[in-house]
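First comes the structure, then the notes that go with it.
What's counted below: heavy atoms across the whole structure, side chains too, no hydrogens, waters or symmetry copies. Note that ligands are numbered from 1 as they come in the structure, with each ligand's atoms numbered from 1 the same way.
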Amino acid sequence: MDLTALYKFSYGLYVIGVKHGDKLGGCIVDALVQASSDDPPTLILCSIKGNYTNELIKSSGAFSISVLPVTVDPFVVANFGFQSARVADKWANVPHTIVDGLPQIEGAASYVRCKVKDTVELATHSAFFSVVTDAVCGDGEPLIFGNYQKTMKKAAYDAFQKFKESGTPPARGDKWQCSVCGHVYEGDTPFEDLPGDWTCPLCGVGKDKFEKM
Ligand SMILES: Cc1cc2nc3c(=O)[nH]c(=O)nc-3n(C[C@H](O)[C@H](O)[C@H](O)COP(=O)(O)O)c2cc1C
């Protein structure tokens, strides 16, 4: 069995936001599907049972969804997907707003808020059948899970490694995006000062294929 076959399903990648009392949490998910578009619009979120996000959703009964855009900084995936909010203040590391008491990242492709209606416990995950209570369409194209696996995963691991070493999230200076693969450059060296033979770390094209975001 080759489970990479599942990477070709057209999932997106999402930041779930959750709050219970003074506790903020959230994580990256791809296992989120639309079950019905009306009467009422319903989504199914599959959340790992041992995760803090799962615990906070069960306590609060609500969560937000920020749909990640193709231009997302790989650090956002690392921040929400590679560590637990039990031990890290994830939301302090990224620009965000609180809407109706729930955190959401700035610059998402769209935003949805949900209330949990039914929960089915699977072996490893809870399937939260959730009714959409609000939805806002933002700018930008959504990041597809399979494209994350192909073009962004390594950058996310590198960003997390750097974060662990320095203890600070990446500076939010100018960003440059590869027009071929979507990779976002946001390094310590200003893009203009990179050597002429510098190439995109993901797809290998030259500097001339990058556009300032
Ligand atoms: C690309 C990616 C996809 C993920 N998909 C899911 C998912 O669908 N459901 C889930 O519960 N966790 C998923 N995770 C794992 C959680 O994001 C991760 O375990 C996180 O650290 C949990 O943090 P928490 O303890 O603060 O909830 C995914 C992680 C990554 C990097």
**Prompt:** Between Phe210 and Phe191, is a ring-ring contact (aromatic ring centres under 6.0 Å, His included) present by the stated rule, with each step listed?
**Reply:** CA-CA 9 Å; Phe210 275 70; Phe191 188 77; 5.3 Å; yes
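Taking every heavy atom of Gly26 and a limit of under 4.0 angstrom, the matching atoms of ligand 1 come to 26 (O). Of all atoms in ligand 1, listed by their number and element, those nearer than 4.0 Å to a heavy atom of Gln83 are 20 (C), 21 (O), 23 (O). The Phe82 neighbourhood of ligand 1 comprises atoms 31 (C), with distances under 4.0 Å to a heavy atom of that residue. Those atoms of ligand 1 that come under 4.0 Å of a heavy atom in Ile48, given as number and element, are 10 (C), 11 (O), 12 (N).
Residue Lys90 places a heavy atom under 4.0 Å from ligand 1. Distances shorter than 4.0 angstrom do not occur between any heavy atom of Gly25 and any atom of ligand 1. Within the 4.0 Å heavy-atom shell around ligand 1 one does not find Ala78.
Side-chain contact of Lys58 with Ser126: a donor-acceptor pair under 3.5 Å is present, judged by distance alone. Between Asn51 and Thr53, the side chains place no donor N or O within less than 3.5 Å of an acceptor N or O (distance only, hydrogens not considered).
For an aromatic pair to be called close, the ring centres must be under 6.0 Å apart, and Phe75 with Phe160 fails this.
Closest heavy-atom approach to atom 25 (O) of ligand 1 among the candidates Ser126, Ser84, Gly50: Ser84. Heavy-atom proximity to atom 9 (N) of ligand 1, evaluated over Cys27, Ser47, Ala31, Cys46, is greatest for Cys46.
Under a 4.0 Å N-O distance rule, the pair Arg86/Glu55 qualifies as a salt bridge. The residues Asp158 and Lys162 are annotated as not salt-bridged, no charged nitrogen and carboxylate oxygen being separated by less than 4.0 angstrom.
Nearest to atom 18 (C) of ligand 1 among the protein's heavy atoms is Gly81 O, 3.3 Å. Distance from atom 28 (C) of ligand 1 to its nearest protein heavy atom, with residue and atom name: Ile28 O, 3.3 Å. From the protein, the heavy atom lying nearest to atom 19 (O) of ligand 1 is Asn51 ND2, 3.2 Å. Given atom 26 (O) of ligand 1, the protein heavy atom at minimum distance is Ala85 N, 2.7 Å. Looking at atom 27 (O) of ligand 1, its nearest protein heavy atom turns out to be Thr53 OG1, 2.5 Å. Scanning the protein for heavy atoms near atom 5 (N) of ligand 1, the closest one is Asp30 OD1, 2.7 Å.
The main-chain N or O of Ser66 is never found under 3.5 Å from a side-chain atom of Gln104 such that the two would form a donor-acceptor pair. Side chain of Trp91 to backbone of His96: no donor-acceptor contact under 3.5 angstrom is found. Gln83 places a side-chain N or O within donor-acceptor distance of the main-chain N or O of Asn79, the cut-off being under 3.5 Å.
Environment of CG in Asp139: sparse, with no more than 12 heavy atoms of neighbouring residues, nucleotides or ligands closer than 6.0 Å.
Of the residues listed (Phe80, Tyr148, Tyr14), the one engaging Ile28 in a side chain to side chain contact (heavy atoms under 4.5 Å, CB included) is Phe80, and it is the only one.
With a heavy-atom cut-off of 4.0 Å, Tyr148 touches ligand 1 through its side chain alone. Neither the backbone nor the side chain of Ala156 comes within contact range of ligand 1; no heavy atom lies under 4.0 Å.
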